[in-house]
Number of protein chains: 2
Amino acid sequence: MKTNRSHCPINFALEIFGDKWTLLIIRDLIFFKKKTYGALKNSPEGIATNILANRLNLLEDTGIITKRQDPKNTKVYLYELTQKGIDLIPVMLEMSVWGATYDAKTAAPPTIIKRIKKDREAMIKEIKAALKNPQKKIIK
Amino acid sequence: MKTNRSHCPINFALEIFGDKWTLLIIRDLIFFKKKTYGALKNSPEGIATNILANRLNLLEDTGIITKRQDPKNTKVYLYELTQKGIDLIPVMLEMSVWGATYDAKTAAPPTIIKRIKKDREAMIKEIKAALKNPQKKIIK
DNA sequence: TTATTTTACTTGCAAAAAGCAAGTAAAACT
DNA sequence: AGTTTTACTTGCTTTTTGCAAGTAAAATAA
């Protein structure tokens with residue numbers, strides 16, 4: 001059993017998602033509404049399949065996502081955010097604003113960044129609503 | 001020369017501080033106002049000295065901190081946040097709230113967490129003010 | 001003035017994690 | 001019945017981390 005380095009809340013967070021891949025998976029689940037292993041592995045950063053499988057397991061173990069069979073296709077599994085995962089939206093938004101501010105070549109849609117800055121709370125609600133509604137999408 | 005995986009703002013951020021130590025150093029610079037190598041290495045998580053030196057270099061290279069000699073003691077170096085580093089305060093606050101929410105054994109001071117939730121903007125200003133004023137401290 | 005301590009690192013080596021290519025098993029489609 | 005699709009696993013190399021010890025220069029103490 002692995003022991004915690006401390007109970008500082010920042011450290012607690014980093015022990016779960018302090019690496020180069022985990023938050024990218026969560027980004028895809030939140031902003032692109034990806035749900036399957038296949039969709040997640042097709043992200044532009046090119047995650048290795050063993051890393052993806054490992055991180056999905058860790059995220060499930062830490063209660064950030066759940067895994068279930070697709071009712072329409074028994075060989076497909078659906079990965080979905082729990083409340084604990086949904087509550088990472090504010091972290092993701094702040095990271096997006098920071099990254100968009102300091103990457104001169106940022107690909108972040110300016111309208112989205114502006115809306116985050118202008119009315120964070122509304123944006124958070126909108127993203128949560130989009131997660132529940134299969135029609136809505138935040139980023140295409 | 002290392003190439004970017006993508007220009008997604010989240011990925012941009014992760015390529016800089018997507019690991020288990022970098023944000024802990026930034027935490028110490030922001031909340032505990034640590035400025036020296038010695039102070040940083042004494043944090044409870046127990047960072048190895050080679051990792052600390054490496055991360056301080058990377059943070060300097062990416063423009064998040066600056067390094068200068070202590071005018072009172074030529075053998076001491078002072079590490080200080082740039083605007084790019086100060087702008088990580090919102091990210092740190094959201095991570096703190098999330099970590100404090102989901103770690104049953106959290107050591108986060110409840111009064112601080114409440115104030116972040118109640119008035120984020122005021123809290124951000126207060127932390128910035130504390131960084132400029134050598135008397136003020138956010139967390140002791 | 002010399003010796004010791006303090007500060008900020010560096011070095012070397014073992015262990016763990018990441019990255020890459022290929023392979024597998026079961027369901028589904030042709 | 002054979003091929004494709006989906007979700008992984010395996011094996012191997014490279015890179016990163018972690019740990020213990022060492023170093024060099026400045027400051028302090030004897």
Side-chain angles (χ1 to χ4, degrees), chain A residues 1-6 11 14-26 28-29 32-62 65-80, chain B residues 1-6 10-11 13-26 28-29 32-62 65-80:
Chain A
M1 188 177 110
K2 205 190 157 214
T3 170
N4 293 106
R5 298 185 300 186
S6 80
N11 181 61
L14 292 177
E15 287 189 19
I16 294 175
F17 55 71
D19 72 272
K20 298 221 182 293
W21 293 109
T22 305
L23 286 183
L24 286 183
I25 295 170
I26 294 170
D28 288 347
L29 296 171
F32 299 97
K33 295 176 72 177
K34 294 185 178 185
K35 285 177 180 297
T36 65
Y37 181 93
L40 290 165
K41 95 178 169 63
N42 285 332
S43 289
E45 291 84 9
I47 191 169
T49 58
N50 54 345
I51 309 277
L52 176 56
N54 172 263
R55 293 308 190 281
L56 288 171
N57 275 328
L58 290 175
L59 285 171
E60 208 188 343
D61 291 347
T62 50
I65 61 173
T66 53
K67 178 185 184 175
R68 67 181 171 106
Q69 265 192 350
D70 186 337
K72 290 168 198 152
N73 186 339
T74 57
K75 89 168 151 172
V76 171
Y77 291 92
L78 299 177
Y79 294 98
E80 293 165 315
Chain B
M1 189 176 105
K2 206 190 157 215
T3 171
N4 293 107
R5 299 185 299 188
S6 80
I10 306 278
N11 181 60
L14 293 176
E15 286 189 20
I16 294 174
F17 54 71
D19 71 273
K20 300 224 180 293
W21 293 109
T22 304
L23 286 182
L24 286 183
I25 295 171
I26 293 171
D28 288 347
L29 296 171
F32 298 99
K33 295 175 72 176
K34 294 186 179 184
K35 284 177 182 296
T36 64
Y37 182 94
L40 290 165
K41 94 178 170 63
N42 286 331
S43 289
E45 291 84 8
I47 190 169
T49 59
N50 55 344
I51 308 279
L52 176 56
N54 171 262
R55 295 307 191 278
L56 287 171
N57 275 328
L58 291 176
L59 285 170
E60 209 190 341
D61 291 348
T62 50
I65 61 172
T66 54
K67 178 185 183 176
R68 65 182 173 108
Q69 265 193 349
D70 186 338
K72 290 168 199 152
N73 186 338
T74 58
K75 89 167 152 172
V76 171
Y77 291 92
L78 299 178
Y79 294 98
E80 292 164 316

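So you know, we letter chains A, B, ... as the sequences are listed, proteins then strands, and number each from 1.
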Next on the checklist: With salt bridge (Lys or Arg N to Asp or Glu O under 4.0 Å) as the rule and sequence neighbours excluded, what pairs involving residues 43-55 of chain A come up?
Outcome noted: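 Passing the test, one end in residues 43-55 of chain A: A/Asp19-A/Arg55, A/Arg27-A/Glu45.
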
All side chain to side chain donor-acceptor pair (under 3.5 Å) counterparts of [X], not counting sequence neighbours:
X: B/Thr66; answer: none
X: B/Asn4; answer: B/Glu15
X: B/Thr62; answer: none

Nucleotide [N], atom [atom2] - distance to [atom1] of [X] in whole Å:
X: A/Ile25; N: D/dA7; atom1: CD1; atom2: P; answer: 14 Å
X: A/Gln69; N: D/dC8; atom1: CD; atom2: P; answer: 11 Å
X: A/Ile47; N: C/dA21; atom1: CD1; atom2: P; answer: 16 Å
X: B/Asn57; N: C/dT11; atom1: CG; atom2: P; answer: 12 Å
X: B/Lys35; N: C/dA8; atom1: NZ; atom2: P; answer: 13 Å
X: B/Tyr77; N: C/dT10; atom1: OH; atom2: P; answer: 11 Å
X: A/Leu52; N: D/dA7; atom1: CG; atom2: P; answer: 10 Å

Item to check | salt bridge (Lys or Arg N to Asp or Glu O under 4.0 Å) involving A/Lys41 - partner list, sequence neighbours excluded | outcome: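 Scan of A/Lys41 (salt bridge (Lys or Arg N to Asp or Glu O under 4.0 Å), adjacent residues dropped) gives none.
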
Item to check | Which residues share a salt bridge (Lys or Arg N to Asp or Glu O under 4.0 Å) with A/Glu80, sequence neighbours left out | outcome: A/Lys35, A/Arg68

Checklist entry - Are B/Arg5 and C/dG19 close enough that a side-chain N or O sits under 4.0 Å from OP1 or OP2? => result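 Answer no for this pair, as no side-chain N or O of B/Arg5 is under 4.0 Å from OP1 or OP2.
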
Checklist entry - For C/dC9, does either OP1 or OP2 sit under 4.0 Å from a side-chain N or O belonging to B/Lys67? => result yes

Residues two or more places apart in sequence or in another chain: which of them pass side-chain contact (heavy atoms from CB on, under 4.5 Å) with [X]?
X: A/Lys67; answer: A/Glu60, A/Tyr77, A/Tyr79
X: B/Asn50; answer: B/Ala48
X: B/Lys34; answer: B/Asp28, B/Phe32, B/Ala39, B/Leu40, B/Ser43

Which nucleotide, [options], lies nearest any side-chain atom of [X]?
X: B/Val76; options: D/dC8, C/dC9, C/dA8; result: C/dA8
X: B/Ile51; options: D/dT17, C/dC9, C/dA8; result: D/dT17
X: A/Tyr79; options: D/dC8, C/dC9, C/dA18; result: D/dC8

Checklist entry - Does some side-chain heavy atom of A/Leu52 sit less than 4.5 Å from a side-chain heavy atom of A/Ile25? => result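 Contact flag for A/Ile25/A/Leu52 side chains = yes.
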
Checklist entry - With a 4.5 Å heavy-atom cut-off, do B/Leu58 and B/Thr22 have their side chains touching? => result no

Item to check | Angle of first-five versus last-five pair axes in the helix from C/dT1-D/dA30 to C/dT30-D/dA1, to 10 degrees | outcome: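 Here the helix ends are tilted 10° relative to one another.
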
Table of protein N/O atoms under 3.5 Å from nucleotides 20-27 of chain D N/O atoms:
residue: D/dA26; atom: O3'; partner: B/Thr74; partner atom: OG1; Å: 2.9
residue: D/dA26; atom: N3; partner: B/Lys75; partner atom: NZ; Å: 3.2
residue: D/dA27; atom: OP1; partner: B/Thr74; partner atom: N; Å: 3.2
residue: D/dA27; atom: OP1; partner: B/Thr74; partner atom: OG1; Å: 2.7

Next on the checklist: Does anything in residues 17-24 of chain B come within less than 4.0 Å of DNA chain D? Heavy atoms only, and list the residues if so.
Outcome noted: B/Trp21

Item to check | side chain to side chain contact (heavy atoms under 4.5 Å, CB included) assessment of B/Asn11 paired with A/Lys20 | outcome: CA-CA 8 Å; B/Asn11 181 60; A/Lys20 298 221 182 293; over 6 Å; no

